Asker: 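One structure follows; several queries about it will come next.
Since the structure is predicted, the reported quantities are computational estimates derived from the model, not experimental observations. Hydrogens, waters and symmetry mates play no part in the numbers below; they use all other heavy atoms, side chains included.
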Amino acid sequence: MSLGKKTSTAVIWSFGEQLARRGVGIMVTLLLARFLVPEDFGLMAMMTVFLSLGQSLMDSGFRQALIRLPEITETDYATAFFANLTLGVISYGVLFAAAPAIAAFYEESRLVDLVRVASLVIIVNSFQVIQIATLSRELNFKAQMQASLPASIISGVVAVGLAYLSFGVWALVIQSLLGAVIHTAILWRRHGWRPKAACTWASAKGMYNFGYKLFLSESLETLFKNIYPLVIAKLFNASVAGLYFFADRIRELVVTQLLHSIQAVTFPALAKKQSNKLELKSAYRRVIRVIIALYVPMVAGLILIAPWLFELLFPEDWYSAHRYLQIMSLAALLYPIHSLNLNILRVLGRSDILLTLQVFKKVVTTIVLVITAQIGIEAVLWGQVVQSLIFYFPNKYYSDRLIDYSFIEQLKDIGLFYGASALIFTFSVWVVAQVEVDALVSLALACSVFSTLYIFVILMLDKPLIGEVLKVVRKA
């Protein structure tokens, strides 16, 4: 199987794995909304940035280093394993000690116990790093999905039961912890890897030299990705933060999960071509066309149906979150392009450029957030759209320079999918506006018009792509 087809197939499996680990959990969130209030999700939002930073410290770039190494030994595996385990314990200790300060920052005393229990997930996840890195090197995302699915289902069912019994925010905390424990246990049972060698400083230094810049870059990314719920919770209130957090989790079902799949699959797949830039560019162009052809209509469709989806599925307290979801999804339309362009830097080992780009982006993010936070919550969200547009240009500049992939070439590869989605979206909105029907019929009509016209346009203008996508789906 060619790299393009193999990678695209792996994206399908990785997307399934992400749906299993988080996506099923997000579907459970739809049920939890029946028993929880926005404030419960707001409390989770307050903890998110701290838990995510702890997770980044635990990983510290070792997983990515393991994926990228051309040759890997048992010593490398053992070194990475014990390093991540040690860093996981350190991360937990820091969060345990910092819990009172976090609670004081938000003026919310309940966060002390919540942070100390929820952050245990970092230690649990430190036991997964080697298994996930090995399976990722093999592009074996099917095995990862087989571990994620039962973990997500069991933890989701337990969380819904706890929410029904009025456990409130603790239902969300237990869901996260239980899912991590079951996922880790299945990976250890099925994968079979155990430490067979001693740690060495030479191995740690080799991985650290690549990983530390990546760790700093990803820590900045994590901080600023989660700074929105932090700032929103601080400047507004827990309920508004809960609505934002809830909308963001629903967006993950389509946007974040597929984006994670793109990064997880394309990095190890394209890394196999790192020594030949012509082959790397050719593989990159094949991959990007299939991914964008699938991703863009899915996100545009989510923006289209959000109002009717919320009206049908959620209590009235949650309805205003649909507007948040639409704006956040609009900002996400360029995310796979950002991700794929940045993966070129990872593949070629240019973590120095990656770190520089992240610093630049965080400066821009801070400026935009400071300005928009003075206006209101929706202004903050529209600021994300502006940032996404700005960030495209520096990301694209380096992929152009490193593999000679120009803006015009990329526009030819992906312009059809963005243009067709925009026009069909507009037409679908107009069609639904012509009839006065309830939310369920509007939802069905919008989905039918949008999907039918998109497939028709692609068949007319790029018929070979349909065959390629169908082959990927069948092989998956």
Side-chain angles (χ1 to χ4, degrees), residues 12 15 19 23 26-27 30 246-259 262 288-314 316 318-337 378 381-382 384-386 388-389 392 411-470 473:
I12 300 295
F15 184 49
L19 284 175
I26 295 166
M27 294 301 292
L30 309 186
F246 183 71
D248 192 41
R249 292 191 69 173
I250 295 175
R251 182 183 64 162
E252 286 185 354
L253 182 60
V254 175
V255 177
T256 306
Q257 305 315 314
L258 187 53
L259 183 63
I262 291 168
I288 199 172
R289 279 173 42 78
V290 174
I291 288 172
I292 296 303
L294 294 170
Y295 176 91
V296 172
M298 291 175 69
V299 177
L302 179 62
I303 298 171
L304 177 66
I305 67 173
W308 306 304
L309 192 67
F310 271 71
E311 185 177 343
L312 287 169
L313 296 180
F314 304 116
E316 188 176 350
W318 295 100
Y319 183 72
S320 59
H322 88 270
R323 179 70 174 167
Y324 299 0
L325 176 61
Q326 288 180 305
I327 302 173
M328 293 157 68
S329 297
L330 184 63
L333 281 170
L334 286 176
Y335 285 2
I337 307 299
E378 287 203 10
L381 300 179
W382 280 109
Q384 294 182 12
V385 178
V386 173
S388 186
L389 291 170
Y392 171 79
L411 185 61
K412 290 179 179 178
D413 288 337
I414 66 176
L416 169 64
F417 312 118
Y418 281 100
S421 295
L423 291 174
I424 296 167
F425 176 93
T426 303
F427 180 74
S428 300
V429 171
W430 179 82
V431 169
V432 176
Q434 304 312 302
V435 294
E436 294 184 5
V437 290
D438 60 24
L440 180 59
V441 177
S442 296
L443 178 66
L445 179 61
C447 287
S448 300
V449 172
F450 185 89
S451 58
T452 301
L453 286 179
Y454 183 81
I455 293 172
F456 175 77
V457 169
I458 300 303
L459 275 172
M460 293 296 295
L461 300 179
D462 197 348
K463 189 174 181 178
L465 181 69
I466 296 290
E468 188 171 351
V469 170
L470 290 176
V473 173

Asker: Looking at Y295 and Y335, would you say the former's side chain and the latter's main chain have a donor-acceptor pair under 3.5 Å?
Answerer: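 Not a single qualifying donor-acceptor pair exists.
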Asker: With sequence neighbours left out, write down each residue that passes side chain to side chain donor-acceptor pair (under 3.5 Å) with S388, or none if nothing qualifies.
Answerer: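 Result, side chain to side chain donor-acceptor pair (under 3.5 Å) vs S388: H338.
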Asker: Show every ring pair (Phe, Tyr, Trp, His ring centres under 6.0 Å) that has at least one partner inside residues 439-463, sequence neighbours left out.
Answerer: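 Of all non-adjacent pairs touching residues 439-463, none passes ring pair (Phe, Tyr, Trp, His ring centres under 6.0 Å).
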Asker: By ring-ring contact (aromatic ring centres under 6.0 Å, His included), which residues pair with F417, not counting sequence neighbours?
Answerer: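 Residues passing ring-ring contact (aromatic ring centres under 6.0 Å, His included) with F417: none at all.
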Asker: Please enumerate all residues that pass side chain to side chain contact (heavy atoms under 4.5 Å, CB included) together with L440, with sequence neighbours excluded.
Answerer: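 Side chain to side chain contact (heavy atoms under 4.5 Å, CB included) check on L440 returns L312, D438.
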Asker: Taking only residues two or more places apart in sequence or in another chain, which ones pass side chain to side chain contact (heavy atoms under 4.5 Å, CB included) with L389?
Answerer: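 Only L334 meet the side chain to side chain contact (heavy atoms under 4.5 Å, CB included) criterion with L389.
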Asker: Output every pair passing salt bridge (Lys or Arg N to Asp or Glu O under 4.0 Å) with a member in residues 439-459, not counting sequence neighbours, ordered by first then second residue.
Answerer: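 Matches after skipping sequence neighbours: none remain.
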Asker: Could you tell me which residues satisfy side chain to side chain contact (heavy atoms under 4.5 Å, CB included) with L423, sequence neighbours excluded, listed by chain and number?
Answerer: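 L423: no side chain to side chain contact (heavy atoms under 4.5 Å, CB included) contacts found.
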Asker: Can you establish whether the number of heavy atoms outside Q434 located under 6.0 Å from its atom CD is more than 12?
Answerer: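 Count over threshold, so yes.
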Asker: Show me the pairs that pass salt bridge (Lys or Arg N to Asp or Glu O under 4.0 Å) and involve residues 411-430, at least two apart or across chains.
Answerer: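 Counting only pairs at least two positions apart or across chains, the salt bridge (Lys or Arg N to Asp or Glu O under 4.0 Å) contacts touching residues 411-430 are R285-D413.
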Asker: The criterion is side chain to side chain donor-acceptor pair (under 3.5 Å); which residues satisfy it with Q326, sequence neighbours excluded?
Answerer: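 Side chain to side chain donor-acceptor pair (under 3.5 Å) list for Q326, sorted by chain: empty.
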Asker: Restricting to pairs with a member in residues 425-445, which pass ring pair (Phe, Tyr, Trp, His ring centres under 6.0 Å), not counting sequence neighbours?
Answerer: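 For residues 425-445: F427-W430.
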Asker: The criterion is salt bridge (Lys or Arg N to Asp or Glu O under 4.0 Å); which residues satisfy it with E378, sequence neighbours excluded?
Answerer: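 For E378 the salt bridge (Lys or Arg N to Asp or Glu O under 4.0 Å) partners, ignoring immediate neighbours, are R323.
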Asker: The criterion is side chain to side chain donor-acceptor pair (under 3.5 Å); which residues satisfy it with Y319, sequence neighbours excluded?
Answerer: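 Per chain and number, Y319 pairs via side chain to side chain donor-acceptor pair (under 3.5 Å) with no residue.
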